[in-house]
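In each ligand, atom 1 is the first atom listed, and ligand 1 is the first ligand listed. Values below: all heavy atoms of this structure, side chains included; hydrogens, waters and symmetry mates excluded.
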Amino acid sequence: MKISVVGTGYVGLVSGACLADVGNDVLCLDLDPRKIATLESGGMPIHEPGLDAVVARNVKAGRLRFTTDVERAVQFGTAQFIAVGTPPDEDGSADLQYVLAAARNVGRLMTDYKLVVDKSTVPVGTADKVKAVIQEELQRRGVSVPFSVVSNPEFLKEGAAVEDFMRPDRIVIGSDDERATHLMSAIYAPFNRNHDRLVVMDVRSAELTKYAANAMLATRISFMNEMANLAERLGADIEAVRRGIGSDPRIGYHFLYPGCGYGGSCFPKDVQALLRTARDTAGVEMRVLEAVEAANTAQKSVLPRKIRARFGDDLRGRHFALWGLAFKPNTDDMREASSRVLIAELLANGATITAYDPVAMQEARRVMPGLQGLSYCDAPMKALEGADALVIVTEWKEFRSPDFDAITAALKQPVIFDGRNMYEPAAMRGLGIEYFAIGR
Ligand SMILES: NC(=O)c1ccc[n+]([C@@H]2O[C@H](COP(=O)([O-])OP(=O)(O)OC[C@H]3O[C@@H](n4cnc5c(N)ncnc54)[C@H](O)[C@@H]3O)[C@@H](O)[C@H]2O)c1
């Protein structure tokens, strides 16, 4: 099938590459000429494990192409996957300007049947808006061209995006139109061979499913973070508690890790957007979700608070080594990363920081330009030299089993603040390291 993917970011590039990998002819459109130039010259605009190989393979086979030419993209695909960003608006609601602009382009330029697929995370009712915008453009042109709009929310995880797209847990299709459902089933058939993963439903339910999934996951994290803060005060160990409750199949082990707050391009904005939809569109108060959001905001300040409790409020003259900048391992995504709150708070209290991250330092420089007192270092051990303490914010694999003797030797005093509970407190005590974790 000929497929155009509109928006070549984390979701669009992965979707486009994977759809090409199963034999489709894919054209990826982006308005950012630098992104397209990077891809056309064989480079990768994002860090996503395994994606470079899939892209290279399909470019070479002639099944995956890139363009900034809107008209070419609209003409090309029978299916038009919209995978543009839906960032938070000033009031926290999802900003739909990119989705609607992409839809308007389809209506403005289409000459034959189009299956328009909302892959971006969009509030309930967006498919209706997309439909209306396309219809409006067709009317303006005085033509009648058939089209369908379906919702197909994406559940991939950054850091495992290719694997998630290739072997999805479920493929949600929201469709009120038989032709569209049939086409979507055909597009996803190659990803649906082992057992049926298609969950077909009405459009509004599909739109809400994506928000409900992220809201549930965010809830588990905030719940565990609050439980961890309580465990700490009560002299309990949240890791033991986690294992104790995770063994209950009704609860399960997944997503029960306490830490220094969730970030990324999805949970924070999707929780906020769902709250806005509930309050403004539906007049429904979502008390649990309000608390999830507030608990997460507070959790991002837990590490800086522990640091101030140890070193005092005035951190002038104090220097910290920071391991991890990305909002989670295996990505360079810095959106809403907990590291950004930590860095801002420590700098505001007069400290200086040397940060190390295996892949996110370039992106960090881009999103936090010119911060006085923040420097970067290309090796984790070098970042420790002369620091008062090591602070860990992202649980990269390479931090799991470091040389603790070397850490102790490099730091002014052996102090570690660990926002991801990577080490055993008893082992740290045995090594003479002052160890501050979350809920232990
Ligand atoms: N990142 C994730 O892990 C993830 C997972 C599931 C769902 N989502 C959702 O998918 C959507 C995309 O997220 P992302 O992280 O890939 O975003 P992103 O910011 O990485 O990429 C979006 C891209 O769209 C381009 N763009 C904007 N308007 C355009 C237009 N009119 N035509 C062509 N290109 C245009 C931008 O230049 C950008 O490159 C969001 O709604 C997000 O919530 C993201």
Polar pairs, ligand 1 vs protein, N/O only, below 3.5 Å.
{"from": "ligand 1", "atom 1": "1 (N)", "to": "E158", "atom 2": "OE2", "distance (Å)": "2.7"}
{"from": "ligand 1", "atom 1": "1 (N)", "to": "S265", "atom 2": "OG", "distance (Å)": "3.3"}
{"from": "ligand 1", "atom 1": "3 (O)", "to": "E158", "atom 2": "OE2", "distance (Å)": "3.2"}
{"from": "ligand 1", "atom 1": "15 (O)", "to": "R335", "atom 2": "NH2", "distance (Å)": "3.0"}
{"from": "ligand 1", "atom 1": "16 (O)", "to": "Y10", "atom 2": "N", "distance (Å)": "3.0"}
{"from": "ligand 1", "atom 1": "16 (O)", "to": "V11", "atom 2": "N", "distance (Å)": "2.8"}
{"from": "ligand 1", "atom 1": "19 (O)", "to": "R335", "atom 2": "NH1", "distance (Å)": "3.4"}
{"from": "ligand 1", "atom 1": "20 (O)", "to": "Y10", "atom 2": "N", "distance (Å)": "3.3"}
{"from": "ligand 1", "atom 1": "37 (O)", "to": "D30", "atom 2": "OD1", "distance (Å)": "2.6"}
{"from": "ligand 1", "atom 1": "39 (O)", "to": "D30", "atom 2": "OD1", "distance (Å)": "3.3"}
{"from": "ligand 1", "atom 1": "39 (O)", "to": "D30", "atom 2": "OD2", "distance (Å)": "2.6"}
{"from": "ligand 1", "atom 1": "39 (O)", "to": "K35", "atom 2": "NZ", "distance (Å)": "2.6"}
{"from": "ligand 1", "atom 1": "41 (O)", "to": "T86", "atom 2": "OG1", "distance (Å)": "2.5"}
{"from": "ligand 1", "atom 1": "41 (O)", "to": "T121", "atom 2": "N", "distance (Å)": "2.9"}
{"from": "ligand 1", "atom 1": "43 (O)", "to": "T121", "atom 2": "OG1", "distance (Å)": "3.3"}
{"from": "ligand 1", "atom 1": "43 (O)", "to": "K269", "atom 2": "NZ", "distance (Å)": "2.6"}

key: Set of residues satisfying side-chain hydrogen bond (donor to acceptor under 3.5 Å, both in side chains) with respect to D176, sequence neighbours excluded   = none
inquiry  = Checking the side chain of N349 only, and the main-chain atoms of E345 only, is there a donor and an acceptor separated by less than 3.5 Å?
reply    = yes
key: Backbone of P168 reached by a side-chain donor or acceptor of D164 within 3.5 Å   = no
Tabulate below the donor-acceptor pairs under 3.5 Å that side-chain atoms of residues 34-47 make, not counting sequence neighbours, or state none.
{"from": "T38", "atom 1": "OG1", "to": "R34", "atom 2": "O", "distance (Å)": "2.7"}
{"from": "S41", "atom 1": "OG", "to": "A37", "atom 2": "O", "distance (Å)": "3.1"}
{"from": "S41", "atom 1": "OG", "to": "T38", "atom 2": "O", "distance (Å)": "3.0"}

task = Not counting sequence neighbours, which residues clear ring pair (Phe, Tyr, Trp, His ring centres under 6.0 Å) with F147? List them please.
result = none
inquiry  = Between N225 and N229, is there a side-chain donor-acceptor contact under 3.5 Å, judged purely by atom types and distance?
reply    = no
